[in-house]
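Read the structure below first, then the notes.
Please read these numbers as outputs of a predicted model, since none were measured by experiment. Counting begins at 1 with the first residue of the sequence.
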Amino acid sequence: MNFRKIIIAALKAATVKDEVLYVFKTFGLETSKDKSDLLQEAMGGTWFDLPQDDNAKCEMLQTVFLEGAWRHADRLSALKEIVNTL
C-alpha cells in the first residue's frame with residue numbers, strides 16, 4: 001500500500017525538526033533521496049540548483065521546510081482554489 005499522501009499530509013502538519021524526523025521514522029524512511037523527494041512534494045513548487053549529493057540536498061530541503069516560507073504560497077494556492085469555485 002502506498003502511504004505517500006498520508007506522509008505528505010503528516011509532513012505538512014510538522015513545524016519543528018523533531019516532528020519531521022518522527023514522520024520519517026514512523027513511515028520507515030531511511031534514505032536521504034526518499035526524504036528529499038517527499039519534502040519537495042510537500043512544499044510544492046519548482047526547485048533549481050539543489051545540491052547533487054543526496055545528504056546535502058536533504059539537509060538543505062529540511063532547512064527550507066522548517067523555515068516555513070513555502071507555507072505562505074501553499075495557503076495562497078488553497079485560497080485561490082476556494083475563490084475559483086465560487
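With rounding to the nearest 0.5 Å, the separation of CZ in F24 from CG in L38 is 6.5 Å.
Residues forming a side chain to side chain contact (heavy atoms under 4.5 Å, CB included) with A9 (at least two apart in sequence, or on another chain): none. Residues satisfying the side chain to side chain contact (heavy atoms under 4.5 Å, CB included) criterion with M43, sequence neighbours excluded, are L39, W47, L61, V64, F65, W70. Remark: E41 pairs with R4 by the salt bridge (Lys or Arg N to Asp or Glu O under 4.0 Å) rule, at least two apart or across chains.
Within the structure, every pair that satisfies the side chain to side chain donor-acceptor pair (under 3.5 Å) test and touches residues 5-27, not counting sequence neighbours, is listed here: T15-E19. Residue pairs meeting the side chain to side chain donor-acceptor pair (under 3.5 Å) criterion with at least one member in residues 28-37, sequence neighbours excluded, are T31-D34, S32-N55, K33-D37. Sorted pairs that involve residues 47-59 and meet salt bridge (charged side-chain N to carboxylate O under 4.0 Å, His left out), not counting sequence neighbours, are lacking altogether.
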